[in-house]
Amino acid sequence: MSTATEAIRIIPKSPGANDEGQWLEVSMGPQHPSTHGVFRMDVVLDGERIVKLKPVFGYLHRNHEKIAENESYLGSMPYTDRLDYFCSLTNNWAYALAVEKLAGIQVPERAEYIRIITAELTRFQNHACLIGFLTQDMGASGTPLMYAFREREKILDLFESLTGARMMCNYMRFGGCRVDLPAGWIEQARAAVASFPRFLDEFEQLLASNEILMARTQGVGVLSKEFAVNAGVSGPVLRASGVNYDVRKADKYGIYDRFAFKIPLGEHGDTYDRYMVRLLEMRESLKILELALRDIPAGPIVDPKTKIRGFRPKPGEAYAHIEAPKGDLGFYLISDGSSNPYRYRVRPPSLVNLTVLEELCIGHNVADVVVILGSIDIVMGEVDR
Amino acid sequence: MTLSMFQAIDQIDQIFVTSQHRLVSDLPAEFQSISSAILSVIAIVLVFALLFAITTVLERKGLGRMQNRYGPNRVGPCGFFQPLADGVKSLTKEDLVPRTADQLVHFLAPVLLVMAAFLAYAVLPVGRNMVLVNLNAGVLYFFAVGSLVELAVFMAGWSSRNKYSLLGAMRAIAQMISYEVPLVLASIVVIMAAGSLSTVSIVDMQASYTGIWPHWFVFTPWGFAGFALFMIAATAESNRSPFDLPEGESEIIAGYYIEYSGFKFALFFLGEYLGMFATSAMAITLFLGGWAAPFSFLTWIPSYLWFFAKLVLLILIFIWIRGTLPRLRMDQLMSFAWQFMLPMTLLNLFVAGVWHFMPAGIVRWLVCIALLVAPAILLSRSLKQGKKFAVRHYRFAE
């Protein structure tokens with residue numbers, strides 16, 4: 001009979017380890033239900049405890065940056081949808097912002113409002129679904145996820161009637177947006193936004209004080225303030241560790257300075273904080289949405305001076321970043337005066353946030369790894385590009 | 001009511017028993033007992049396999065309803081023929097066995113699992129006079145057979161030669177052995193009260209009434225606590241959510257049966273559900289009066305209908321819990337078993353003794369409830385000690 005060691009690689013413990021037994025190396029992924037895409041973790045286990053964890057990615061690499069360098073500026077816009085395919089509109093915005101900075105284009109006021117409305121709707125649906133996925137990773141049978149999807153459907157319907165696509169929106173243009181809001185869109189959006197607080201109350205009531213959820217997330221995957229800053233983590237993951245950094249406040253890009261909203265901050269930096277910070281951020285997004293939907297002015301949606309065809313910015317470089325739902329999403333562009341960018345670089349929040357995964361997981365159980373990974377919120381389309 | 005009506009009711013109640021007798025009475029005397037046993041076995045296998053099929057649909061539709069979706073609704077009326085389609089699918093699928101697997105053990109594991117699950121039904125009275133064998137140690141036999149499941153699960157996990165299945169098997173063994181202790185201890189209170197290990201006499205004790213109220217053991221403090229503890233342990237024993245760690249779909253994918261496909265996979269499902277039915281049926285037998293009607297004026301409804309009504313009710317509760325709760329972690333599961341379940345079941349034994357020796361009356365109720373509730377609160381406090389799980393308040397930056 002063949003021994004187990006042939007099929008299962010067993011690693012001897014490092015010298016100095018005093019307890020009995022051996023380590024087991026397990027490859028979690030790339031085909032694993034909870035790795036949120038084709039992501040692999042090489043995990044070394046002592047019983048069920050994580051000793052080492054090596055993230056392995058690149059399975060979804062598709063040469064995004066190089067392809068964009070061989071494409072006209074506008075030609076890359078639909079391709080940015082595919083970065084973080086959950087939040088195509090914020091990707092659009094970050095890229096448009098970088099090009100506008102490069103070419104010095106002004107955006108009309110109505111377009112700024114539309115951008116903020118779509119971006120906050122995107123943030124809302126991303127966070128709602130993330131919480132659903134997180135509880136799914138905890139084994140909640142998908143019930144919270146389906147509740148979140150029910151609300152997401154309303155937002156995707158709005159996106160569909162505005163842009164023609166539900167997920168791959170390709171909506172922003174340099175100097176504005178592609179099409180104006182269709183008739184009745186504002187009312188539809190207001191009705192949707194008005195229905196969300198009830199959903200959030202229900203969500204919070206069902207989940208936030210659930211004994212099992214608290215036991216599974218509190219004190220799990222603690223990310224310290226210093227380490228988070230040193231690792232360059234951004235977005236809700238950073239704010240859950242107690243660092244007050246939100247690009248919407250720090251940069252005031254677009255017209256965010258006109259809106260009163262607060263930044264929720266965590267204290268412990270554990271999975272529960274990351275979950276709660278997102279829940280509270282959704283409420284703040286709703287405040288912005290209400291104001292924006294009330295104040296949106298009439299006017300043009302695109303700067304008429306911007307050239308769509310034969311668009312050639314002056315030689316130079318520009319970096320623009322926004323607060324995407326997953327964190328600080330930046331685009332860096334160098335122009336050599338031709339119709340294509342000389343250099344096109346994406347700073348994906350998912351990738352940078354993923355770098356702290358090993359630190360968070362060591363010493364925890366296998367079951368915690370999927371929960372911690374879920375709380376970091378990655379999309380492999382953005383990590384691998 | 002006239003005498004003939006009583007007779008008619010009795011005939012309907014005993015219809016399966018009498019028809020079985022009639023069927024075997026023509027046979028030679030030496031074959032009669034064996035053929036009646038075979039008939040009963042066939043009946044049990046068919047009925048509970050059918051219940052399994054119905055439960056899969058109910059579960060999927062119930063979960064669907066809880067999650068704002070439809071669930072299966074394409075095959076047959078309202079999707080109720082879905083199990084047939086699933087059965088055909090699993091029969092026609094390729095049966096893959098990993099090259100490094102231990103072929104024999106890999107094959108035997110699902111067979112043993114289903115066999116062990118079916119063996120448990122031998123002592124479960126599904127109706128008046130409807131039990132395959134009235135063993136005088138029926139409860140003991142039930143738990144002995146039930147622990148065969150652990151062997152089958154570990155065989156599956158080990159023989160697959162897969163790391164996930166090994167992890168799943170490790171979890172399953174730890175969990176099932178830990179929860180078997182409170183499961184057995186929770187049922188001992190009933191054995192103390194009934195003074196018998198025979199499932200039939202335990203049900204007979206509960207099948208009498210004071211006025212319209214039944215004498216079920218669940219309507220005593222120790223019986224209620226025992227029932228609650230038994231059901232928690234039963235949830236863990238049958239690997240149901242929130243104790244579904246051995247499968248842990250989002251962590252270790254499918255646990256011990258990850259390397260099974262086709263009909264062997266279906267057998268695992270069958271075995272798991274049969275185990276769930278069996279432990280639920282045991283809970284009904286021990287605490288909920290078995291086939292007895294809940295009120296004396298409802299005794300005209302056949303006893304087997306009452307049994308299955310109670311069984312379906314418990315199954316629905318299982319489905320409800322599955323759609324509601326997230327999963328526990330291994331260490332939390334184990335500490336819950338040893339730090340809460342075990343002391344509580346032991347205490348419950350003591351309370352059952354107190355109940356037995358105290359004179360009947362309101363004082364007995366109060367003393368027993370106090371003896372159970374206070375330690376339960378204290379134990380659950382100490383379980384959380386040092387962790388301080390609490391809803392937090394967050395600060396906001398402008």
Side-chain angles (χ1 to χ4, degrees), chain A residues 1-2 4 6-9 24-27 32-34 45 47-48 135-147 149-150 206 208-216 218-219 239 244 246 249 260 262-268 272-273 276-277 280 284 365-371 374, chain B residues 63-64 66-69 98-105 158-167 170-171 174 241-245 247-254 319 321-333 336 380 383-384 387-398:
Chain A
M1 201 174 85
S2 66
E6 282 172 30
I8 299 172
R9 199 168 133 220
L24 180 71
E25 189 181 346
V26 180
S27 169
H32 188 284
S34 303
L45 297 178
E48 279 221 18
T135 47
Q136 169 96 328
D137 289 345
M138 276 180 237
S141 232
T143 312
L145 180 64
M146 290 298 157
Y147 276 44
F149 269 31
R150 179 189 61 196
L206 289 175
S209 57
N210 183 304
E211 197 86 11
I212 299 178
L213 187 131
M214 285 199 282
R216 284 296 302 275
Q218 294 194 353
R239 291 191 287 277
N244 179 13
D246 187 316
K249 290 280 188 192
K262 289 183 278 186
I263 310 293
L265 297 175
E267 243 173 80
H268 304 77
Y272 187 78
D273 273 359
M276 277 305 287
V277 160
L280 296 169
E284 298 300 319
N365 280 350
V366 184
D368 292 327
V369 172
V370 291
V371 176
Chain B
L63 280 181
M66 282 178 223
Q67 301 175 353
N68 308 305
R69 54 187 181 84
R99 198 160 28 135
T100 46
D102 189 326
Q103 310 282 330
L104 182 68
V105 182
W158 179 251
S159 66
S160 298
R161 296 274 190 275
N162 182 306
K163 293 171 194 176
Y164 288 112
S165 68
L166 191 65
L167 279 173
M170 266 161 55
R171 284 178 173 195
S241 174
F243 303 115
D244 56 344
L245 290 99
E247 284 148 45
E249 193 209 328
S250 57
E251 302 147 18
I252 50 171
I253 308 169
I319 295 172
I321 292 174
R322 181 172 167 201
T324 313
L325 290 178
R327 187 187 301 124
L328 283 167
R329 207 170 54 208
M330 199 65 212
D331 52 326
Q332 293 160 350
L333 181 89
F336 184 66
S380 56
L383 200 63
K384 278 196 272 183
K387 288 163 193 158
K388 293 198 185 73
F389 298 131
V391 179
R392 294 175 185 162
H393 295 284
Y394 288 83
R395 66 199 167 90
F396 290 86
E398 282 302 324

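Side-chain atoms are counted along with the backbone in the values below, which use heavy atoms only and exclude waters and symmetry mates. Here is the naming used below: chain letters follow the sequence lines, and residue numbers restart at 1 for every chain. Because the structure is predicted, anything quoted here is derived from the model rather than measured.
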To the nearest 0.5 angstrom, please state how far the [atom1] atom of [X] sits from the [atom2] atom of [Y].
| X | Y | atom1 | atom2 | value |
| --- | --- | --- | --- | --- |
| B:D331 | A:D368 | CG | CG | 7.5 Å |
| A:M138 | B:R329 | CE | CZ | 10.5 Å |
| B:K163 | A:L24 | NZ | CG | 6.0 Å |
| B:L325 | A:L213 | CG | CG | 10.5 Å |

Quick one: which of [options] has the most heavy-atom pairs under 4.5 Å with chain B, could you say?
| options | result |
| --- | --- |
| A:K249, A:M214, A:E211 | A:M214 |
| A:L265, A:N244, A:V366 | A:L265 |
| A:A215, A:P264, A:G266 | A:A215 |

*Answer with side chain, backbone, both or neither: which region of B:R395 has an atom nearer than 4.5 Å to a non-hydrogen atom of chain A?*
both

*chain A heavy atoms under 4.5 Å from B:P242: which part of the residue, side chain, backbone, both or neither?*
side chain

What part of [X] gets within 4.5 angstrom of chain B, counting heavy atoms only: side chain, backbone, both, or neither?
| X | value |
| --- | --- |
| A:L45 | side chain |
| A:D273 | both |
| A:V26 | both |

_According to ring-ring contact (aromatic ring centres under 6.0 Å, His included), who are the partners of A:F149, at least two apart in sequence or on a separate chain?_
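Checked A:F149 against ring-ring contact (aromatic ring centres under 6.0 Å, His included); zero matches.
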
*Do B:R327 and A:R216 come within less than 4.5 Å of each other through their side chains, counting heavy atoms only?*
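When only atoms from C-beta onward are counted, A:R216 and B:R327 do touch, with a gap below 4.5 Å.
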
*Nearest non-hydrogen partners of A:Y147 and B:M66, listed with the distance*: CE1-O, 3.4 Å

*Within the distance-only criterion (no hydrogens, no angle test), does the side chain of A:T143 pair as donor or acceptor with the backbone N or O of B:T324 below 3.5 angstrom?*
no

